There are 2 protein chains.
Amino acid sequence: MMELTRKGEYAIRGIVYLAGKPIDKVCLLSDIAAAVDVPPTFLAKIFQQFSKIGLVKSFRGTGGGFLLGRAPENITLLEVVEAVEGPIIPNRCVVSPPECERSGFCKVHPVWKRVQGEVRSVLAGVTLKELTNKEH
Amino acid sequence: MMELTRKGEYAIRGIVYLAGKPIDKVCLLSDIAAAVDVPPTFLAKIFQQFSKIGLVKSFRGTGGGFLLGRAPENITLLEVVEAVEGPIIPNRCVVSPPECERSGFCKVHPVWKRVQGEVRSVLAGVTLKELTNKEH
DNA sequence: AACTAAAAAGACTATATGTATCCTTTTAGG
DNA sequence: CCTAAAAGGATACATATAGTCTTTTTAGTT
């Protein structure tokens, strides 16, 4: 249960790869896909999502490709995961307004809130910088 | 992402209902299902799983039904969830032996381990007793 | 202007998972 | 032996996941 999908896994691999490159190095999608072992067409969809919210910058045409949208130390794993997987929702009942007609008397609700908080907190505490294999 | 399935949700509702009944009160599946608003055939499957691992005791035939397998204060939410959803696996890479051929150099791995630990810890810290609406 | 490189966008397919339902079998009591 | 109730197995349908293919847009090059 609670498993990250391939999409999320691939998203992380792809953007961590970008984060490990020089900040001004425009990378081809095809190169990224080959480097992190992800189907290029699938990674394209993922990077389109990233691009829309500014996590990466994209350039079309000859000499085009992708750059990281912000400095790696300013992008958290939580942002990356939520960008492609949507919000961290351990149970429907934690969305607001509560979808659960049982809230009010359901004692499980606060537990899921806590789970959500812990997961978000762990992921928000990790930046792309820490995930690259670059020293210094 | 990371959403509990209906099965998990129903499982919790069903067993919490049982936990709120007197310890020796044999409950009919049909009554439980009606009380917690879950399709009876679906709940049957769930309780079969519970029964196999002793979370509930089942009795067949006339006068049959279900009892909680242990005292409510000795059953955690983690056990209930894992009974029907399987282990808490935020990413494939946390299963042992690691399924991820990238472990060893992948810096994300320990993060997922931490997520897994936090979620398990929250769920393990809640017992069925605390989830019933019974006072005292 | 024409050609080429590269990402964006949209339609489409296959497989797996989730959400059940139905039918038959087993077990137990009256 | 009849009835009540859970167990087990097969099946059906919907949705989500995982991925592909084709066309369009954008931008640099010749």
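Please read these numbers as outputs of a predicted model, since none were measured by experiment.
The CD atom of A:Gln49 sits 13 Å away from the C1' atom of D:dA18 (whole-angstrom rounding). Between B:Gln48 atom CD and D:dA5 atom P there is a gap of 16 Å when expressed in whole angstrom units. The separation between A:Leu43 atom CG and D:dT20 atom C1' is 14 Å, rounded to whole Å. In this structure, the CG atom of B:Leu28 is 20 Å from the P atom of C:dT27, given to the nearest Å. The distance from atom CZ of A:Arg6 to atom P of D:dT20 is 12 Å, rounded to the nearest whole Å. In this structure, CD1 of B:Ile46 is placed 13 Å from P of C:dG18, rounded to the nearest angstrom. With rounding to whole Å, A:Phe50 atom CZ is found 16 Å from C:dA9 atom P. At whole-Å resolution of the value, CZ in A:Arg60 and P in C:dA8 are 6 Å apart.
Toward the 5' end of DNA chain D, the nearer of the two residues A:Pro39 and B:Leu29, judged by each one's closest nucleotide, is B:Leu29. DNA chain D is contacted by both B:Ser58 and A:Thr5; B:Ser58 maps to the nucleotide lying nearer its 5′ end (nearest heavy atom per residue).
Residues B:Leu67 and B:Val36 are members of separate hydrophobic clusters, defined by side-chain heavy-atom contacts under 4.5 angstrom among Ile, Leu, Val, Met, Phe, Trp and Tyr.
A donor-acceptor contact under 3.5 Å is not formed by the side chain of A:Lys7 with the base of D:dG19. A donor-acceptor contact under 3.5 Å is not formed by the side chain of B:Lys52 with the base of D:dG8.
Phosphate proximity of D:dG28 to A:Thr62: absent, as no side-chain N or O sits under 4.0 Å from OP1 or OP2. For D:dA5, the OP1/OP2 oxygens have no side-chain nitrogen or oxygen of B:Ser30 closer than 4.0 Å. Between B:Tyr10 and C:dA20 there is a side-chain polar atom (N or O) within less than 4.0 angstrom of OP1 or OP2. The side chain of A:Ser51 contributes no N or O atom lying less than 4.0 Å from OP1 or OP2 of C:dA7.
Looking at heavy atoms from C-beta onward, A:Val84 lies out of side-chain contact with A:Tyr10 at the 4.5 angstrom threshold. The side-chain heavy atoms of A:Asp37 and A:Arg13, taken from C-beta on, include a pair separated by under 4.5 Å.
Here the shortest heavy-atom pairing between A:Leu123 and B:Val115 reads CD2-CG2, 3.9 Å.
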For this session: Begin with the C-alpha distance, continue with both residues' side-chain angles, and end with the deciding distance and a verdict on salt bridge (Lys or Arg N to Asp or Glu O under 4.0 Å) for B:Arg114 and B:Glu118.
Result: CA-CA 6 Å; B:Arg114 221 147 67 229; B:Glu118 294 292 343; over 6 Å; no

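The nucleotide whose nearest atom lies closest to any side-chain atom of A:Lys45 is, among D:dG19, C:dA11, D:dT26, C:dA11. When each of C:dA9, D:dA6, C:dT21 is scored by its nearest atom to the side-chain atoms of B:Phe66, the top-ranked nucleotide is D:dA6. Each of C:dT21, D:dA5, D:dC21 was ranked by its minimum atom distance to the side chain of A:Thr41; first place goes to D:dC21.
Within 4.0 Å of A:Phe59, counting heavy atoms only, lie sugar-phosphate atoms of the nucleic acid but no base atom. Residue contacts for B:Phe47: at a heavy-atom cut-off of 4.0 Å it reaches no nucleic acid atom on any strand shown.
Checked by atom type, the side-chain pair B:Thr127/B:Glu130 shows a donor-acceptor distance below 3.5 Å.
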